[in-house]
Amino acid sequence: MKISTEILNAVHPEIKEVEKAWERIETLLEECESEYSDFILKLPNETDAKLRDRKPWFVNGFFNPTQDLVTAPVQYILRRGVTRKTDSVQLNKFISKADRSGQSLEEFIKNEAGPNLSSYGTVFAVVDKPSTPVSNGLEQLVFGMPYLTILSPEQVKNWGWNSDGSLEWFRYTQAAPVSGGIFEKATGGGIEFVTWTRTEYIKHDSEGNEIYRIAHNWGIVPVAIQASFVASGDTLGKSTFFSSSRHIIMGNNHLSIAQTEIAKYGSILLIDEADAPNPRKNVRDENTNQLKLVEQAQEADTMKVADMKNRPQYLEKNLDLITKALEMATWCFKQALEAESSGKEVSPLTGNLGTDAPKSGVSKAYDWADTDAMLYSRAMDLQAFEVQICRIEQTIMKDTKPFTIQYPTSFDVMDFGEKIQQIKDLQSVNFPSIEAIKASFKRLVPEITTSDELRKTIDVEIDGATIVTQTTNTPGA
């Protein structure tokens with residue numbers, strides 16, 4: 001059945017509200033260097049010529065910390081350990097191999113779902129099953145297991161909810177297959193539209209022609225959706241990276257100013273110190289009290305310095321601009337880092353630079369509390385997402401055996417050095433509770449190994465160890 005392209009391309013109203021942010025985030029997340037030039041901004045009092053000069057430095061020197069920022073939370077959460085328990089052979093098989101690339105469910109969360117949730121505020125995944133017929137349980141485990149596919153938010157087009165709160169249908173785009181033999185011209189390509197309902201899987205080409213339809217009769221739409229910071233009645237969430245991505249872009253605009261000026265300044269130093277037989281000297285202009293380039297009288301035929309007409313004349317002015325641009329770039333990147341580590345949007349782009357004064361213990365405690373709260377919220381989102389996925393898998397496989405998935409609920413966000421210092425402080429004041437000191441040692445263990453078995457062994461060794469304080473007498477003393 002043919003369907004109008006207007007219907008196929010219809011975008012859900014919620015997507016329209018966030019699609020500009022999604023496009024910006026996708027470019028940063030996928031590190032699409034060819035599209036970085038779209039982020040260059042014309043700054044106040046900047047001429048078109050200066051903007052053109054700055055563009056190559058902006059693109060080639062673009063600093064993109066996105067991957068580190070959006071992957072750090074999920075990596076930290078998973079290092080604390082996730083408990084997955086079930087007696088279902090099929091579900092255990094799915095947990096150990098969740099997608100067609102062979103990733104386990106935890107690897108899928110770590111490498112794909114977690115970063116997507118951190119970046120876009122919403123993560124989508126499809127649970128599908130091969131149509132290959134199987135004759136027994138063993139073949140089912142080998143050839144007929146469901147598998148996960150992550151959806152980029154920009155693939156998602158539209159969806160509809162049932163009155164019971166479950167999905168009625170869901171539509172997204174995917175790359176159309178390319179066909180052709182080894183000595184034949186390749187055909188196909190482009191995009192195609194996939195629509196899932198509770199009973200069918202339907203595929204249309206870009207012109208609305210139906211190219212595939214099959215009944216699955218699972219009684220559900222096999223799409224898992226999880227969002228953060230969701231407004232009441234909405235499907236899509238939002239993340240702090242909506243604003244952090246703008247800070248990264250603004251930071252790079254300031255960074256490119258510094259890079260452009262450093263290049264000009266460096267060329268002057270190179271010419272003056274290396275190429276000129278009688279280097280120019282820098283003296284102060286009496287009227288402006290700034291360093292000015294002054295040419296010494298010399299014969300034209302011995303002068304190797306290029307024409308200086310287009311060179312900046314006042315070095316102090318340029319150095320001041322470089323310093324200010326680097327300060328502003330550093331401030332923007334710092335805002336992005338603080339937002340992603342606390343889960344809270346920080347100073348807007350119009351804010352003052354502020355100061356970097358050392359924080360008190362109380363201030364640090366609040367920082368740790370914010371980070372702990374962010375990690376807890378993210379962990380609960382990922383837990384709910386996994387539960388959705390496993391329920392869909394069990395529905396497809398007609399599996400009714402119970403399962404539990406438990407993410408960590410508390411996070412020790414002090415860094416390793418701070419934990420070591422705490423132990424030293426407890427020992428130096430002869431803290432009266434040896435058990436408290438042992439507990440502090442145990443806090444180091446998750447940073448040392450991710451193996452549950454090895455962690456238990458180390459904890460037992462700590463319990464049996466003799467803890468030495470400054471006044472403890474060592475054996476034989």
- Say whether, by atom type as modelled, one donor and one acceptor occur between the side chain of D205 and the main chain of N209 under 3.5 angstrom. yes
- Take Y172 and W159 through the side-chain hydrogen bond (donor to acceptor under 3.5 Å, both in side chains) test and state the conclusion after the steps. CA-CA 9 Å; Y172 59 92; W159 61 84; over 6 Å; no
- Is it the case that N217 and T199 place a side-chain donor and acceptor less than 3.5 Å from each other? no
- Message: Tell me whether H247 contacts the main-chain N or O of C332 through its side chain, where contact means a donor paired with an acceptor under 3.5 Å.
- Response: no
- Item | Polar contact flag, side-chain donor to acceptor under 3.5 angstrom, S166-R198 | yes
- Can a donor-acceptor pair be found between the side chains of N111 and E107 at a distance below 3.5 Å? no
- E393 side, atom CD; K93 side, atom NZ - distance, nearest 0.5 Å: 12.0 Å
- Task: Please confirm whether the backbone N or O of T404 pairs with a side-chain atom of K85, one donor and one acceptor, at under 3.5 Å?
- Result: no
- Query: Taking the six-membered ring where the residue is Trp, are the ring centres of W196 and F170 under 6.0 Å apart?
  - Reply: no
- Would you say the side-chain atoms of Q394 and Q90 include a donor-acceptor pair closer than 3.5 Å? no
- Item | Main-chain N/O of I191 paired with Q174 side-chain donor or acceptor, under 3.5 Å | no
- Message: Quick check: H254 with W331 (ring centres under 6.0 Å apart)?
- Response: no
- Task: Measure the spacing between CD1 of I248 and CD of Q335 and express it to the nearest 0.5 Å.
- Result: 12.0 Å
- Message: When you measure from the side chain of D234 to the backbone of L236, do you find a donor-acceptor pair of N or O atoms at a distance under 3.5 Å?
- Response: no
- Is the ring centre of F333 less than 6.0 Å from the ring centre of F63? yes
- Task: Only one of L28, T27, T71 passes side-chain contact (heavy atoms from CB on, under 4.5 Å) with T66; say which it is.
- Result: L28
- Check whether any side-chain N or O of Q388 sits under 3.5 Å from a backbone N or O of I225 as a donor-acceptor pair, and report yes or no. yes
- Query: Roughly how far apart are R84 CZ and I405 CD1, rounded to 0.5 Å?
  - Reply: 6.5 Å
